[in-house]
Amino acid sequence: MEYSYNRICDAVKQLVDKSALIWLVFMTGVSLIIGVLFFYGILPAAALWSLAGVALTGLALLTGVCLFHKQLKLLAHKQQISMMAYHAKQIINKIQQQLPDTLISDSKIKMRYLARHGVDVDAALARLGQNVEAYNERVLAFLQECDKYEDTLYDLLQAGLLIPYGTNAHGLRVRANELGLVTLTDTAFFHEIEAYAGSPDIVHANWKKLSLELDEAYTILSAYAKSLGLKQDAVDKDGNHMTFKKWSEQLQEAFHALEIYDTTRAKQILNELVKFQIDSDITKSLKAIITNIDDIMAN
């Protein structure tokens with residue numbers, strides 16, 4: 001398709017050049033005829049003013065041809081960039097689909113560790129439609145927010161704040177249930193009910209149990225995450241972090257910039273993304289895209 005488009009551009013360019021050349025030859029011939037007729041006295045001196053009009057017409061024609069060449073070159077660049085963006089998307093998607101699915105298979109094996117420690121991982125996966133990646137995302141989110149859950153609940157452990165305490169206990173119960181943390185789910189539900197019932201003494205008396213179960217859940221899930229090397233972000237050589245979600249969003253923004261022919265913005269984003277080693281094949285493809293942009297704009 002790109003080759004055909006370039007051939008069409010070349011054909012149009014040649015047609016315009018030939019047409020302009022014919023007009024220039026014609027106007028040159030007319031000018032010579034006018035000059036000869038004036039020289040032999042057939043035409044008056046006033047006829048020479050017509051040569052000025054011919055000259056201006058020729059100049060306008062040459063200017064128009066130059067502008068046309070410039071616009072045609074711009075259109076050719078845009079077409080190449082657009083095609084490159086399309087093919088780049090296809091390549092990246094293909095690479096992502098062909099990446100070995102070892103993480104999911106390893107996760108399913110190592111989830112038995114969770115089951116041996118009282119985590120009802122089978123029920124959790126059933127609620128998530130057997131989506132292992134979604135489960136792992138929730139594990140990372142829970143580990144990141146675990147301290148916040150405990151600190152928030154502890155700060156609300158007062159008689160006048162039992163309603164918000166119950167609300168936060170409910171949130172903890174939902175998160176624990178998503179992960180199959182049966183014991184923590186039951187304990188959080190107990191705290192939720194007692195808080196809504198206005199029983200501060202009972203909540204206080206059972207706080208240590210909730211705190212210990214939170215710590216235990218953190219320890220179990222942390223060991224599982226470390227065994228798989230789960231992480232939420234990529235790191236460049238300078239130690240800068242970028243979440244995989246943000247990396248993916250930035251990649252889509254780079255493709256969008258290419259689609260609207262903003263090569264400067266696209267290169268800026270891609271040069272940042274290649275610093276984060278998501279996958280060697282993907283990094284190689286992104287570098288190839290940057291090189292192609294430079295090649296296209298250099299022509």
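Treat the numbers as computed from the prediction; the structure is a model and nothing was measured.
Once rounded to the nearest 0.5 Å, the distance linking CZ of Arg138 with CG of Leu179 reads 8.0 Å. With rounding to the nearest 0.5 angstrom, the NZ atom of Lys209 is 11.0 Å from the CG atom of Leu214. Note that CG of Leu67 and OG1 of Thr63 are 6.5 Å apart. Values are rounded to the nearest 0.5 Å. To the nearest 0.5 angstrom, Thr291 atom OG1 is 9.0 Å from Lys267 atom NZ. Considering CG of Leu286 and CD of Glu272, their distance stands at 12.5 Å, rounded to 0.5 Å. Separating the OG1 atom in Thr152 from the CD atom in Glu145 is a distance of 10.0 Å, to the nearest 0.5 Å.
A donor-acceptor pair is defined here as one N or O able to donate and one able to accept, closer than 3.5 Å; no such pair exists between the side chain of Arg175 and the backbone of Cys146. In this structure, Thr167 contributes its side chain and Ile163 its backbone to a donor-acceptor pair below 3.5 Å.
Side-chain contact check for Tyr224 and Asn136: at least one donor-acceptor pair (N or O, by modelled atom type) lies under 3.5 Å. A side-chain N or O of Glu213 and one of Thr187 form a donor-acceptor pair less than 3.5 Å apart. Under 3.5 Å, the side chains of Tyr165 and His191 contain a donor-acceptor pair of N or O atoms.
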Verdict with supporting geometry, Met111 and Leu125, side-chain contact (heavy atoms from CB on, under 4.5 Å):
CA-CA 10 Å; Met111 279 177 179; Leu125 283 175; 3.6 Å; yes
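When every heavy atom of Leu128 is checked against every heavy atom of Ala134, the shortest pair comes out as CD1-C, 4.3 Å. The nearest pair of heavy atoms linking Gly166 to Glu192 is O-CG, 3.6 Å. Taking each heavy atom of Ser222 and Leu143 in turn, the nearest pair found is N-CD2, 3.7 Å. The heavy-atom pair separating Ala266 from Ala254 by the smallest distance is CB-O, 3.7 Å.
At least one side-chain heavy atom of Arg127 sits under 4.5 Å from a side-chain heavy atom of Asn177.
By the rule that hydrophobic residues join a cluster once side-chain heavy atoms approach within less than 4.5 Å of another member, Phe189 and Trp207 end up as members of separate clusters.
Looking at Asp122 and Arg112, a side-chain N of the basic residue comes within less than 4.0 Å of a carboxylate O on the acidic one, giving a salt bridge. With salt bridges taken as basic N to acidic carboxylate O contacts below 4.0 Å, none links Arg173 and Asp186.
For NE2 of His204, the number of neighbouring non-hydrogen atoms (other residues, nucleotides, ligands) closer than 6.0 Å is greater than 12. Applying the 6.0 Å contact sphere to OH of Tyr113 captures more than 12 heavy atoms from other residues, nucleotides or ligands.
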